[in-house]
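Notes follow the structure.
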Amino acid sequence: MTPVRPEFAPDASLSRSEMEQLQRDLAETAVFEDEFDFDPAAVRAESSDSEQVQLGQTTGQAETVDSEPPVVAGVDQAFAADGEKAVSAIVASRGGEVIERVHAVEPVEIPYIPGLLSFLEGGAILSAFEALSVEPDLAVVDGSGRIHFRQAGIATHIGVMLDLPAVGVAKNLLCGRPRESLDGYLPEGARVAIEADDSVTAPEGTVIGHAYQSRQYDNPEKRHVNPLYVSPGHRASADTATDLVGRLCAGYKLPEPTRLADQFADEMKADVGD
DNA sequence: GCGACAG
DNA sequence: ATCTTGTCGC
């Protein structure tokens with residue numbers, strides 16, 4: 001698919017202040033509330049036999065069409081050639097079934113700067129989306145969305161440019177303040193709101209995402225897992241973004257679309273010449 | 001000056 | 001993100 005808002009292209013030749021201004025403009029365009037063309041409750045991480053039966057039955061065409069799970073695009077990056085090439089991988093799946101995999105390789109133009117990640121990886125991701133044939137309903141991007149200084153993390157950048165519902169899934173917290181301490185043991189399924197503090201361009205206290213415990217061990221003393229940081233990218237609220245990620249997890253810390261893209265990115269990286 | 005920082 | 005062996009725990 002092609003960008004609907006090309007004016008927001010993550011041009012790596014922009015000055016730092018121009019990049020930051022572009023992000024502020026991007027955040028103005030971003031929609032941090034649910035705006036889907038699909039039923040979020042129909043999103044699933046794994047395929048089920050019952051669905052196969054339904055699709056095969058002759059119980060009304062409209063019904064069978066509606067029962068088709070939304071297409072989710074998992075997006076992840078890897079770097080090759082000593083960090084000089086950015087490899088972006090997208091794995092599209094429907095109800096857990098992989099339906100397409102594409103990738104793109106672009107030269108790395110700038111170093112990693114916290115807050116400006118989309119200018120490092122955005123180009124490769126958009127190239128990969130150009131190569132994608134299917135129309136995804138949702139994108140799950142590695143990195144933050146609204147949990148960002150200017151509310152325009154990479155998930156927001158990609159979502160707005162493609163006008164595609166997107167959620168960001170990060171392994172570390174970029175900014176914001178957890179409503180409750182995350183030091184203690186969080187049981188599986190727990191979510192803690194991440195609020196805007198003075199480092200974020202949003203009213204103090206605005207919920208910009210959640211710390212989400214997608215996986216946890218039973219014994220708090222022996223071993224524990226760190227939570228995921230989920231935030232709206234575009235056309236999704238913080239609550240629904242976390243609901244969606246929860247539905248996309250299948251026993252592992254990371255949601256399935258991310259794991260699939262992660263794996264494919266590694267394969268393509270080796271292909272390019274690790 | 002100090003602190004803080006996705007991938 | 002990436003560089004890397006073994007090792008602890010379920």
Side-chain angles (χ1 to χ4, degrees), chain A residues 10 12 16 19-20 23 26-27 74-90 103 105-126 128 139-159 166-178 182 185 188 194 196-201 208-212 215-234 241 245 251-255 258-259 261-270 272-274:
Chain A
R16 181 158 180 162
M19 292 179 175
E20 296 177 347
Q23 293 182 321
L26 194 68
V75 185
D76 190 44
Q77 278 65 238
F79 294 89
D82 284 308
E84 290 178 20
K85 298 284 187 180
V87 179
S88 180
I90 299 176
H103 81 285
V105 180
E106 294 289 347
V108 168
E109 313 273 15
I110 60 173
Y112 163 68
I113 300 171
L116 299 178
L117 183 64
S118 51
F119 293 88
L120 171 66
E121 307 180 330
I125 294 177
L126 291 167
V140 175
V141 183
D142 65 306
S144 292
R146 196 182 188 185
I147 294 180
H148 179 275
F149 310 120
R150 293 166 291 282
Q151 303 182 78
I154 194 162
T156 302
H157 209 126
I158 297 304
V167 301
V169 177
K171 302 179 202 68
N172 292 288
L173 188 60
L174 173 62
C175 61
R177 176 204 334 118
L182 299 178
Y185 176 87
E188 195 161 300
I194 300 300
D197 54 20
D198 56 20
S199 75
V200 181
T201 62
I208 55 178
H210 293 105
Y212 175 64
R215 171 146 197 224
Q216 188 54 282
Y217 292 122
D218 300 321
N219 194 329
E221 306 304 320
K222 297 293 181 180
R223 209 178 181 76
H224 67 85
V225 179
N226 292 135
L228 242 32
Y229 296 94
V230 181
S231 60
H234 182 49
V245 170
Y252 294 89
K253 172 174 177 173
L254 295 173
T258 301
R259 299 183 66 240
D262 204 60
Q263 173 194 316
F264 190 50
D266 276 338
E267 288 177 32
M268 294 304 96
K269 176 182 70 170
V272 173
D274 192 358

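In what follows, chains are A, B, ... by sequence order, proteins preceding strands, each numbered from 1. As a basis for the values below, the full set of heavy atoms in this structure was taken, side chains included, without hydrogen atoms, waters or symmetry mates. This is a predicted model, so every value here is computed, not measured.
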Q: With sequence neighbours excluded, tell me which residues meet side-chain hydrogen bond (donor to acceptor under 3.5 Å, both in side chains) with Glu109(A).
A: none
Q: Return the set of residues passing side-chain hydrogen bond (donor to acceptor under 3.5 Å, both in side chains) with Ser118(A) (not counting sequence neighbours), or none when no residue passes.
A: His157(A)
Q) Closest heavy-atom contact between Pro114(A) and Leu174(A)? A) CB-CD1, 4.4 Å
Q. If you look at every heavy atom in Leu126(A) and Pro10(A), which pair is closest and at what distance?
A. CD1-CD, 3.7 Å
What does [X] touch in the nucleic acid at a heavy-atom separation under 4.0 angstrom: a base, only the sugar-phosphate, or nothing?
X: Ala78(A); answer: sugar-phosphate
X: Leu173(A); answer: sugar-phosphate
X: Leu116(A); answer: base

Q: Dump the intermediate steps for salt bridge (charged side-chain N to carboxylate O under 4.0 Å, His left out) on Asp262(A) and Arg259(A), then the final yes or no.
A: CA-CA 5 Å; Asp262(A) 204 60; Arg259(A) 299 183 66 240; over 6 Å; no
**Q.** Dot-bracket pairing map - DNA chain B, Watson-Crick plus G-U, both contacts under 3.5 Å, | cross-strand
**A.** .......
(Q) How would you summarise protein contacts on nucleotides 4-10 of chain C per nucleotide, using B for base, S for sugar-phosphate only and - for none, with heavy-atom distances below 4.0 Å? (A) ----B-S
Q) For DNA chain B, which nucleotides open and close the run of contacts to chain A, 5' to 3', at under 4.0 angstrom from a non-hydrogen atom? A) dC5(B) to dG7(B)
Q: State whether Lys269(A) places a side-chain N or O below 4.0 Å from either non-bridging phosphate oxygen (OP1 or OP2) of dA1(C).
A: no
Q: Counting Watson-Crick and G-U wobble pairs whose two distances are both under 3.5 Å, find the runs of 3 or more in a row that involve DNA chain C.
A: none
Q) Taking it one step at a time, do Gln23(A) and Met19(A) satisfy side-chain contact (heavy atoms from CB on, under 4.5 Å)? A) CA-CA 6 Å; Gln23(A) 293 182 321; Met19(A) 292 179 175; 5.6 Å; no
